[in-house]
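These notes are about the structure you will find just below.
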Amino acid sequence: MTATMEFVRASRWYGPVIALNDVTTTVGPGVTGLLGPNGAGKSTFLKLAAGQLAPSQGEVRVLGKRAWGSPELFHRVGVCPEPDAFWEGLTGLQFLMALLRLTGFDDAECRRRADHALEQVALTEARDRKIGGYSKGMRQRIKMAQSLAHDPQVLLLDEPLSGMDPVNRRRVVDLVKKLGREGRTVLVSSHILHEVEAMTRRVLLIHNGRILAEGDVREIRDLMDEHPHTVALRARDPRALARAVVGSPHVLSLTFGAEGEWVTVQTARPDEFYSSVVDAAVEAGVSEMYSPDENLESVFKYLVAR
Amino acid sequence: MPIYEQTYRRYEARAPLRTVRFWPITREALRLILARRAFLGLLLVAWGQFLFRVIQVYVVTRLPEAGRVLPIDGRMFGQFLAIQTLFTLLLSIFGGAGLIANDLRTGAILVYLSRPLTRRDYVLGQLGVLLALNLSVTLVPGLLLYLIALALAPDQFAKWSLAWIGPAVVLHSLVTSLVMSLIALAVSSLSRSARVAGLGFFGLVFGLEILRGVLRALYDRPESALLSVQADLQSLGNALFGITDRAFQLPWAYPALVLTAVSLACLAILRARVRAVEIVR
Amino acid sequence: MTRSRLVVLGSTVVVAAGAMAALGALYLDPARAAVGPLPPQALSLPAGTRYVMGLDVKRFVASPLYTKYAAARTANRPQAFAELEEKTGLNPERDLDQVYIAGTQAGVPGRGGDALVVVTGRFDRAKVARAIETERKGVTSKNVSGTVVYLFDENSAGKGTGATAFLDDNTLVMGTQASVEQTVVARAKGEAPLRDNAALLALLEGVKPGSTFWMVGDKTLLSNMPKAIPGPGGPGTSQSIELPALKSLTVTGDLEPQVTLDITGEAADEPAAKNLADVVRGFVALASLQANQKPELKQLASAISVTTEASRVHVAARVPYEVIDSLQPKRASSAAPPNAP
Amino acid sequence: MSASPAASRVTPDSSPASAPSTDGRDVTRPVTFWRAARAVFDLSLEGMVWSRRSLLMVALLGGPALLSLAFRILLTRLPPRVGAFDFYGVVVAFYYVRNALPLAALFYATALIADEVEGRTITYLLTRPIQRVSVLAGKFAAYLVTTLALALPAVVITFFLLNTIRGWSGIGAIVPELFRDMGVMVLTLVVYGAFFTLMGVLLRRPVIPGLLFLFVWELLANAPGYLPRFTITAYLRSLIHHRPPDEGLAEIFAQVLPTALCLEAVGAMIVVFLAGAAWIFSQREYVLDQ
């Protein structure tokens with residue numbers, strides 16, 4: 001996978017505070033989630049990639065060029081900054097047109113691209129209203145629109161879903177996934193795990209300025225065998241199900257849910273457990289089965305807690 | 001200082017509510033302002049004249065004939081406070097320009113007004129900040145100077161005929177500080193940027209002063225002095241301390257009237273501008 | 001077109017209109033053909049002219065200075081003007097516009113100095129001509145390039161002590177016969193010999209427009225000014241202060257609403273200018289030192305300011321009429337200065 | 001909570017499937033300086049001219065026009081102590097060049113970048129394919145157009161109101177003064193604008209230092225010797241011909257510097273200040289406090 005972005009031993013500190021500590025990684029095409037709690041170094045990572053900060057040490061390259069001091073990169077890079085800050089007096093259309101002119105397009109091309117971007121984020125009706133009067137979700141979407149209006153090859157999105165209602169959230173997640181499928185490199189930073197989970201499986205986990213883990217969530221999860229997996233099952237007769245599975249050598253512990261329908265099992269070998277429980281599941285009328293800690297939340301909590 | 005720049009401490013609303021509710025706003029803002037080194041430097045400079053006056057009193061008590069060059073009587077206090085007015089201008093810009101402007105910009109005003117505080121408490125809290133700053137360079141040094149003068153030259157000052165100096169210093173300091181604070185606060189509420197508010201306040205006070213200078217050069221009529229806030233304050237000071245000055249001959253009632261009108265206008269602006277939500281058309 | 005651009009466009013229109021109006025005034029202004037305050041007719045003056053003075057009669061008559069002092073002093077003023085008007089049909093206060101005096105050598109005409117006076121205004125030529133011929137004895141006339149020139153006390157050699165002539169209906173010129181005839185000839189041929197005198201023209205351009213009285217001149221204007229002035233010790237003492245030679249002098253003045261005087265002297269170089277400025281400042285200081293006897297002197301002194309610009313010394317005086325009143329010898333001033341604009 | 005691991009299909013190891021078409025733009029170089037500066041100019045002019053803060057500047061810069069209207073109307077009832085042309089000199093030299101224009105420059109120029117940083121909209125400008133120097137150039141041009149649009153009409157109106165009291169004759173001779181004054185006002189706005197742009201980029205809080213410079217340091221212009229040459233106002237003042245005679249303190253030591261020296265000094269200051277501001281701005285990192 002050719003790397004669109006490369007961090008080579010990149011560090012960045014603000015006085016005594018180390019924001020990014022000797023990070024070496026690459027980000028290629030497709031959607032990559034940049035995850036970590038507040039103050040983990042996500043924003044610094046993004047700002048280094050967006051050429052807003054120079055690395056105190058090491059090197060950051062985007063599309064083969066040094067990120068800091070290469071403004072021409074922004075022909076092919078789109079940035080959606082985190083602050084909810086706008087020129088409040090401009091309308092949505094004027095805002096996009098002004099920024100597209102700054103990208104070197106002539107007026108006709110600016111208008112075409114602005115309309116297209118507004119369509120992508122479903123803000124066409126509100127284009128002639130002042131941004132000062134937009135709702136929180138609309139402001140977030142117009143900010144998204146300005147980052148992709150010039151058809152960039154690389155997109156850096158800092159907390160794109162913050163403050164959005166479920167309907168808009170769904171719309172932006174689908175848009176990001178579409179951009180990823182088109183082969184663009186999309187780096188989405190967020191501290192809300194299920195947001196990122198909805199867009200991609202490939203993540204970069206950052207904590208205290210270091211990269212804890214990178215790659216597909218499931219691959220990371222499987223690397224941590226010694227940590228027991230949890231499997232939740234909902235059955236018509238949970239007691240019968242319990243009696244059937246408790247004998248299996250893979251079951252470490254078993255607990256009943258409050259409403260009496262749910263049984264939660266701890267197991268060291270999830271795959272073997274799944275195959276051994278199939279017959280018992282049919283007799284006990286299991287209607288639902290999933291692994292709650294296969295998702296990012298638990299992976300993350302587990303890695304951060306270490 | 002906007003809320004997001006402060007370190008977060010839980011606000012324990014103790015019951016029952018105290019009558020003076022605005023004090024935490026003033027205390028927090030003052031704590032933040034006093035933490036800035038540049039401000040302490042400005043304060044130090046503002047107290048420079050106080051030292052000069054103390055030396056002046058000391059020299060005149062030791063060498064009475066120096067009194068003819070630098071007389072130490074009631075008028076000295078008037079001149080002292082007139083110069084300190086310039087420092088209230090700088091302090092109001094430095095400390096006060098962003099008081100309301102930053103809260104309007106960052107939306108921190110919502111946080112204040114979602115506490116058990118009325119808008120009046122909020123304005124009083126912010127006004128308290130400016131009053132404290134301005135009084136610290138007018139009333140405090142003024143009274144201190146009077147006490148030192150009493151101590152160093154009791155024969156000169158410890159007389160009933162000069163007993164009016166103390167109250168005059170208090171009155172003039174209060175008027176100067178209140179007027180400057182109200183104007184600075186009103187201008188601060190008219191903008192969302194501390195810099196614009198600071199320069200707007202300076203432009204207003206100094207612009208009127210230039211206009212007065214031009215009108216005086218043009219028509220040489222005493223009424224032109226009413227136009228400038230600084231000139232009004234100086235007229236009051238001259239009347240209070242018995243200073244005769246050709247530029248300010250009007251009876252003190254006129255400047256007092258103008259200053260009252262200006263203060264009421266500022267309160268009206270504050271009432272209109274300090275609100276939680278700004279309607280964007 | 002957003003509102004911001006409308007504001008910018010509006011401003012541009014106002015500035016452009018202002019500039020057009022200004023340029024229009026600059027090129028269409030009748031006085032434009034002239035040089036500084038001099039009318040076009042005065043350009044017929046001889047090229048050798050070394051100094052020119054001018055008085056705007058209209059403004060002078062309307063000024064507080066004239067109405068208060070000149071009028072009050074000459075008790076028989078009205079009667080003298082009535083006589084003149086009756087003979088020549090000319091009332092100076094009403095008919096005269098400008099009076100210019102030009103010449104090659106300062107001083108009284110005939111005794112080393114010569115002067116040519118040009119008067120513009122509205123004349124009844126016939127009545128004035130008859131008055132010239134009948135009132136004075138020994139007045140003869142001769143025709144020079146189609147213009148009648150009147151000679152006074154023409155001697156046998158055909159030389160008169162003075163001459164006068166009408167350059168046109170509104171311009172009367174008086175002076176020595178040679179200069180009057182030279183001017184009449186130049187006027188008839190439509191020449192402007194004065195334009196050849198570049199130095200004088202440069203000085204004329206520097207005259208502040210609309211001044212009530214003005215004067216420009218080069219060295220000759222100052223030729224018989226004292227070369228040195230007594231030292232501070234008083235005239236008796238031997239010590240004296242050498243006055244640096246001035247290359248040129250420009251004086252402009254106004255009489256309303258206060259007596260305004262602007263004198264600019266061009267010294268040989270910058271040090272000379274500074275030296276002269278200090279001398280003048282010395283005088284001003286001297287005057288204010290004697291202020292305790294006369295407080296008006298202090299006000300007068302404070303009204304004078306001296307500045308230097310490269311080799312030029314600029315002395316500016318702004319004397320309100322109250323100061324002039326207080327300088328007057330104590331007697332009831334008859335009329336308060338009217339509030340004329 | 002059901003977690004549906006919607007694995008996103010990571011494209012295989014190849015260059016980005018459809019590298020977005022570059023539609024004729026040269027993506028290897030930033031947008032040309034002039035085009036970028038023009039775009040920044042258009043964007044900045046919007047918020048600068050038509051804004052609440054401009055109301056204060058309209059009052060400050062438009063004031064003399066009203067004053068001269070009053071001067072003309074009240075002429076008979078309130079006789080002035082100064083002649084009309086002298087008053088015009090006071091307005092240009094004392095009001096505008098010494099006080100109002102530097103204050104307008106301080107008001108706008110320190111905010112050119114600080115406004116964007118304080119409003120946290122700087123990121124939009126710094127994530128465009130344009131050089132930072134063109135951002136500064138565009139904003140400086142917007143500042144100049146805004147202040148000139150407010151100041152020049154006022155001085156033209158003041159000139160005509162004051163100098164046509166005795167009718168239009170004789171005004172032709174002083175017209176060159178008007179054009180010279182307008183030129184000096186433009187120079188004033190450019191040189192002070194450049195200086196305060198540098199201060200705005202250099203200092204986090206430029207207002208108090210700016211005021212101290214204008215109303216304390218610049219008093220050196222009235223000092224004797226070489227001191228005036230360390231100020232800006234001394235050069236500008238010397239460029240105005242019809243300076244009012246009595247300038248208070250200046251009266252004693254008033255020095256008029258030669259025109260050539262003034263133009264060279266002002267030109268050099270403009271270049272140095274703007275170059276300094278551009279260099280600092282392009283090196284600075286803007287860590288917007290979250």
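Model, not experiment: these values are computed from the prediction. Residue numbers begin at 1 in each chain, while the letters A, B, ... track the order of the sequences.
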> Which pair of non-hydrogen atoms, one from Val31(D) and one from His75(A), has the smallest distance, and what is that distance?
Replying inline: CG2-CE1, 3.9 Å
>> Ignoring hydrogens, what is the shortest heavy-atom contact between Lys65(A) and Thr28(D)? Give both atom names and the distance.
In response: NZ-O, 3.4 Å
> Between the main-chain N or O of Ala85(A) and the side-chain N or O of Tyr124(D), is there a donor-acceptor pair closer than 3.5 Å?
Replying inline: yes
Taking side chain as everything from C-beta outward and backbone as N, CA, C, O, which of these in [X] sits under 4.5 Å from a heavy atom of chain D? Side chain, backbone, both or neither.
{"X": "Gln94(A)", "answer": "neither"}
{"X": "Ala54(A)", "answer": "both"}
{"X": "Leu63(A)", "answer": "neither"}
{"X": "Leu53(A)", "answer": "both"}
{"X": "Asp107(A)", "answer": "neither"}

Which answer fits [X], side chain, backbone, both or neither, if we ask what part of it has an atom under 4.5 Å from a heavy atom of chain A?
{"X": "Arg29(D)", "value": "backbone"}
{"X": "Leu126(D)", "value": "both"}
{"X": "Arg38(D)", "value": "neither"}

>> Could you check whether Glu72(A) pairs with Arg128(D) (Lys NZ or Arg NE/NH1/NH2 to Asp/Glu carboxylate O, under 4.0 Å)?
In response: no
> Could you walk me through whether Glu82(A) and Arg120(D) pass the salt bridge (charged side-chain N to carboxylate O under 4.0 Å, His left out) check?
Replying inline: CA-CA 10 Å; Glu82(A) 190 271 335; Arg120(D) 294 195 286 173; 5.4 Å; no
> side chain to side chain contact (heavy atoms under 4.5 Å, CB included) between Leu102(A) and Leu125(D): does it pass, once the steps are laid out?
Replying inline: CA-CA 8 Å; Leu102(A) 282 171; Leu125(D) 297 177; 3.6 Å; yes
Are [X] and [Y] close enough that some pair of their side-chain heavy atoms sits under 4.5 Å apart?
{"X": "Tyr286(D)", "Y": "Lys47(A)", "value": "no"}
{"X": "Asp106(A)", "Y": "Arg35(D)", "value": "yes"}
{"X": "Ile130(D)", "Y": "Pro71(A)", "value": "no"}

> When rounded to the nearest 0.5 angstrom, what is the spacing between CG in Asp115(D) and CH2 in Trp87(A)?
Replying inline: 11.5 Å
> Roughly how far apart are Leu43(D) CG and Leu90(A) CG, rounded to 0.5 Å?
Replying inline: 6.0 Å
> For chain D, which of Pro81(A), Ala50(A), Gly89(A) has the most heavy-atom pairs under 4.5 Å?
Replying inline: Pro81(A)
